[in-house]
Enquirer: 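This is the structure, below, for whatever I ask next.
Nothing here was measured: the structure is a model prediction, and the numbers come from that model. In what follows, chains carry the letters A, B, and so on, assigned in the order in which the sequence lines appear, proteins first and then strands, with residues in each chain numbered from 1.
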Amino acid sequence: MKKEVALLLDVDYTKEGKSQIVLFFKAKKEKLMLFVPNYLPYLYITNDENPKEIIKKILEADLNGVKAANAICVEKKLFGSEEKTNAIMVFFNSTKELKDAREAIKSLGLNVHKHEFDIPFVKRFLLDSSLEIFSYYEIEYDEKTREIKKFNKTSNLYEPFEIKIGALDIETYSPERFSDPSKDPIIMASYVDKDERVVLCTEKINVNYATKVKDEKELVEKIVEKIKSKDLDLVVTYNGDNFDLPYLKVRATKLKTRFDVGIDGSEPVTVKKTRESATKIRGRPHIDSYQLLRILTRLGVVNLIKMDLESVSKALFNEQKEKIPAEEINKIWNSKKGLERLAEYNLLDSEVAYRIADRYLPLFIELGKLVHYTLFDVTRSSSSQLVEALLSTEASKEDMLIPNKPSDKQVRERIMQSYQGGFVYEPVPGLHENIAVLDFTSLHPTIIISHNVSPDSLNCEHKECIEKNSSPIKYWFCTKKKGFLPKVIQRLFEERVAIKKSLKKLQKGSKEYTLADARQHSLKIILNSFYGTLGYARFRWYSKECAAAVTAWSREYVKMVAEEAKKAGFQILYGDTDSTFIKIPYDKKKEEVLAFVEYINSKLPGVMNLELEGFYRRGIFVTKKSETTQAAKKKYALISEDGTLKIVGFEYVRRDWANIAKETQRMVIKAILEDGSPEKAIAIVKQKIQELRDGKTKKSDLIIYSQIKKDINAYESVGPHVAAAKKAIMQGRDLGESSVVGYIITKCGKSISDKAQLAEYVNEGNYDAEYYIKNQIIPSVIKIISEFGYSEEDLVAGGKQVSLGYFSKG
DNA sequence: TAATTCGCTAGACCGA
DNA sequence: TCGGTCTAGCGAA
């Protein structure tokens, strides 16, 4: 028996024969692969009859050719019920047997309900054991059988292990449209870690980081050797899930070698997901930085226009990086000219992938700990999965059965049912001075906590709850017993408040700070996801009533703040969901705003809290495009007291507008908010229009980005981005669903769509100046400028080229 | 088997 | 050629 302290790196299970959980630990000297004895896949069944008899029948039954390994009776609560009932745990020897048998249980005619039959084995184990990845455990195991006997979480009072991370990237030859691993070789590969940067190639390349290898086989083997000799803990790629790793594996087989980078000498395994794949390496979690960014984009942590490494490098690290398209890679490879460029490109790909992982891993590790997922799973999951995972763990702790997923029919019915969202106040158009913005901190979570919004506390039978805790719509929530969701959310909320407090005492950039910040960030992400998932049709704890009650309360509270502000002598300028914009009259001081906030807080229940978001010198709201009086919601610009511009909703923040228009708009807003000078703004616009007319505007300022959101042939209405994509596809480009296209409106064609071309096919200077003036610059500024009585003519006057055109034709 | 609703706008599409 | 309607995408919260 051996005892030591080790860090839990990963969890997996054996796929052959009996399913057994495998724990991958990082110990002081080596990696450990340990088996968990006596833990089998299982599901629950409930019914009203005598459990003993059911157990007997289940154990005797032939379930689709499978015999249950065991069945025992336990006590469990059904969700929403307080009392425990008998539930039968039915064990199977393997996950495959469980899958085969679960359908057959129904056909036994026993009138039973199945529960928790679709929880993946590893996730099941993690929520039962409460193990957390990247936590340290005192473990005890048998060195011969490799079975783990004990694990206890340790206190963190010792030097943590260094986690070894390495990133790799390959370049492939593609004489045809796509690279085909069954025939097209890997021509180059790069590897980057904390202290090494290297490019491997069969050709000699004149850069100090390149190493020549004898052939492709050696190239693959060198990569394997890097990963093994360094004994990497994490392997990072950029889209390695779908490309690099599967490609390497196929090439290795082709070349009669093995890409055996798993700690047990296994090759990566690719599992098909709905749309894409995920590739696993045993014992060395594979981090696909592309997947990290996709999740972070969905969560709104980062805002990326395009997801290719060049755009990402610029957006995240402000570093320009050259893009070498596939055709050019082939050219370079055929001619062997420009290999240095290709090497640098290849190296930077690994480097950017590495840096993305380095920056965001702390957050994903904390998320993984919080919801009891492996790093592999947490870096490939959706917000609803994270919430579900967290609630599943909590349910398990309370001996509560996890609700089943809804059927397709239920999902369809749920989708049909919509509910009312937040309240948006129609702004007062025009320029305003002395503005204060108030908003509710974590509005939705705090409503859930303060009003005990939960499916299991909905419409209880107590009369006084109806009186005391009715939402503005017909639902009410129990005041006597805390609901499941509020209980969980409150715990997370309180932990976050405490961490945020402790953060103030820590040094920014220190290890402790990074860790605590990642923890509070992970809590924030989960907290903000609860409300949305309540209304998500596939959610196990779905409750449209709860979602609708939350928003009903939100409307009530935000309107209450506006009413009270009016009473207190402030003018309401705007408000959206959780915010209220008020104008401070000249006879009022800032302190009065703070006093007002305090007054509101004294009236708010529970943990609900209104805060001052900030004071602003000036702000502008504009009327809607097609209106002269009605103001546009979700669009405004503010300038703070230190001169910082805050531009919200305007074209400036939208990727589907050309830079030239966005930049012009920003300058116009700045001229107006900073200097209060519409004249200056007009001069700027005129200048930009002139540049466009003179053909001086750079290509990069003309690109409009838009996403292809469905099958390219499924469009009923073919807009410019679809038209441009279709043309590019005809020319052999690989553009599928979800790719972002950057296009330019050129001089050639009739309709706008005719004129749209993918930016990379357009020459400098080939643009439709009139389009960019009429459809980009003018619409982006006209509404702002018209607030000061100016019109379109004032923008083009002097710039009107009628006379010039007339004479030149002359 | 990708968290919600609210809101703005462009440009295609279609019929007069 | 026009004006109204609809599809589509993106952003705010």
Enquirer: Would you classify A:Asn775 as touching base, sugar-phosphate or nothing, given that sugar-phosphate means primed atoms plus P, OP1 and OP2, and contacts are heavy atoms under 4.0 Å?
Expert: sugar-phosphate

Enquirer: Looking at A:Lys635, I'd like to know whether one of its side-chain N or O atoms comes within less than 4.0 Å of OP1 or OP2 on B:dT9.
Expert: yes

Enquirer: So, OP1 or OP2 of C:dC10: does either fall under 4.0 Å of a side-chain N or O from A:Arg655?
Expert: yes

Enquirer: Please check if atom OH in A:Tyr652 has more than 12 non-hydrogen atoms from other residues, nucleotides or ligands closer than 6.0 Å.
Expert: no

Enquirer: Between atom CZ in A:Phe440 and atom P in C:dA12, what is the gap in whole Å?
Expert: 21 Å

Enquirer: Just the rounded figure in Å: distance from P of B:dT1 to CG of A:Asp377.
Expert: 12 Å

Enquirer: How is A:Tyr771 classified with respect to the nucleic acid when contacts are heavy atoms under 4.0 Å: base, sugar-phosphate, or nothing?
Expert: sugar-phosphate

Enquirer: Could you walk me through whether A:Lys633 and A:Asp576 pass the salt bridge (Lys or Arg N to Asp or Glu O under 4.0 Å) check?
Expert: CA-CA 8 Å; A:Lys633 298 167 177 177; A:Asp576 184 351; over 6 Å; no

Enquirer: For a quick check of understanding: with a heavy-atom distance under 4.0 Å over all strands, which category does A:Lys634 fall into, base, sugar-phosphate or nothing?
Expert: base

Enquirer: Given that A:Thr533 and A:Ala631 both sit by DNA chain B, which one's nearest nucleotide is further toward the 5' end?
Expert: A:Thr533

Enquirer: May I ask you to evaluate whether A:Ser753 reaches the phosphate of B:dA12, defined as a side-chain N or O under 4.0 Å from OP1 or OP2?
Expert: yes

Enquirer: Separation of A:Glu651 atom CD from B:dT9 atom C1', in whole Å?
Expert: 8 Å

Enquirer: Tell me whether the side-chain N/O atoms of A:Lys405 come closer than 4.0 Å to OP1 or OP2 in B:dT1.
Expert: yes

Enquirer: With a non-hydrogen cut-off below 4.0 angstrom, is A:Tyr636 in contact with a base, only sugar-phosphate, or nothing?
Expert: sugar-phosphate

Enquirer: Over how many whole Å does the gap from A:Asp656 atom CG to B:dC8 atom P extend?
Expert: 16 Å

Enquirer: Nearest-Å distance, CZ (A:Phe530) to P (C:dA13)?
Expert: 23 Å

Enquirer: Determine the contact category for A:Phe423: base if any of its heavy atoms lies under 4.0 Å from a base atom, sugar-phosphate if only primed atoms, P, OP1 or OP2 are that close, otherwise nothing.
Expert: nothing

Enquirer: So, A:Ser384 versus A:Ser382: side-chain donor-acceptor pair below 3.5 Å or not?
Expert: yes

Enquirer: What does A:Gly421 touch in the nucleic acid at a heavy-atom separation under 4.0 angstrom: a base, only the sugar-phosphate, or nothing?
Expert: sugar-phosphate

Enquirer: Heavy atoms under 4.0 Å, any strand shown: does A:Thr551 hit a base, just sugar-phosphate, or nothing?
Expert: nothing

Enquirer: What I want to find out is whether A:Lys409 reaches A:Glu413 closely enough, with some N-O distance under 4.0 Å, to be called a salt bridge.
Expert: yes

Enquirer: Does B:dT5 have OP1 or OP2 under 4.0 Å away from a side-chain N or O of A:Ser418?
Expert: yes

Enquirer: Can you give me the N/O atom pairs linking the protein to nucleotides 4-8 of chain C at distances under 3.5 Å, or say none if there are none?
Expert:
residue, atom, partner, partner atom, Å
C:dA8, OP1, A:Lys710, NZ, 2.9
C:dA8, OP1, A:Glu716, N, 3.1
C:dA8, OP2, A:Lys710, NZ, 2.9

Enquirer: If you measure from the C1' atom in C:dA12 to the same atom in B:dA3, how many Å do you get, rounded?
Expert: 15 Å

Enquirer: Among A:Leu292, A:Ile287, A:Asp288, exactly one meets side-chain contact (heavy atoms from CB on, under 4.5 Å) together with A:Tyr290. Which residue is that?
Expert: A:Asp288

Enquirer: Within this structure, what is the CD-to-P distance between A:Glu737 and C:dG9, rounded to whole angstrom?
Expert: 10 Å

Enquirer: Can we say A:Asp100 and A:Lys96 salt-bridge, meaning some charged N sits less than 4.0 Å from an Asp/Glu carboxylate O?
Expert: yes

Enquirer: Does NZ belonging to A:Lys662 count more than 12 external heavy atoms closer than 6.0 Å?
Expert: yes

Enquirer: Could you check whether A:Ser529 gets within reach of a base, just the sugar-phosphate, or nothing at all, counting any heavy atom under 4.0 Å?
Expert: base

Enquirer: Do A:Glu394 and A:Lys487 pass the salt bridge (Lys or Arg N to Asp or Glu O under 4.0 Å) test, and can you show the C-alpha distance, the side-chain angles, and the key distance before you say yes or no?
Expert: CA-CA 10 Å; A:Glu394 299 297 324; A:Lys487 200 190 284 176; over 6 Å; no

Enquirer: Can you find a side chain N or O atom of A:Ser382 that sits less than 4.0 Å from OP1 or OP2 on B:dA3?
Expert: yes

Enquirer: When you measure from the side-chain N and O atoms of A:Ser384 to the phosphate of B:dA3, is any distance below 4.0 Å, counting only OP1 and OP2?
Expert: yes

Enquirer: Whole angstroms only, please: what is the CZ-C1' distance between A:Phe539 and B:dT4?
Expert: 12 Å

Enquirer: A:Tyr290 OH to B:dA2 C1': how many Å, rounded?
Expert: 13 Å

Enquirer: Can A:His286 and A:Thr237 be counted as having a side-chain donor-acceptor contact under 3.5 angstrom?
Expert: yes

Enquirer: Please determine whether any donor N or O and acceptor N or O are separated by less than 3.5 Å between the side chain of A:Arg538 and the base of B:dA2.
Expert: no

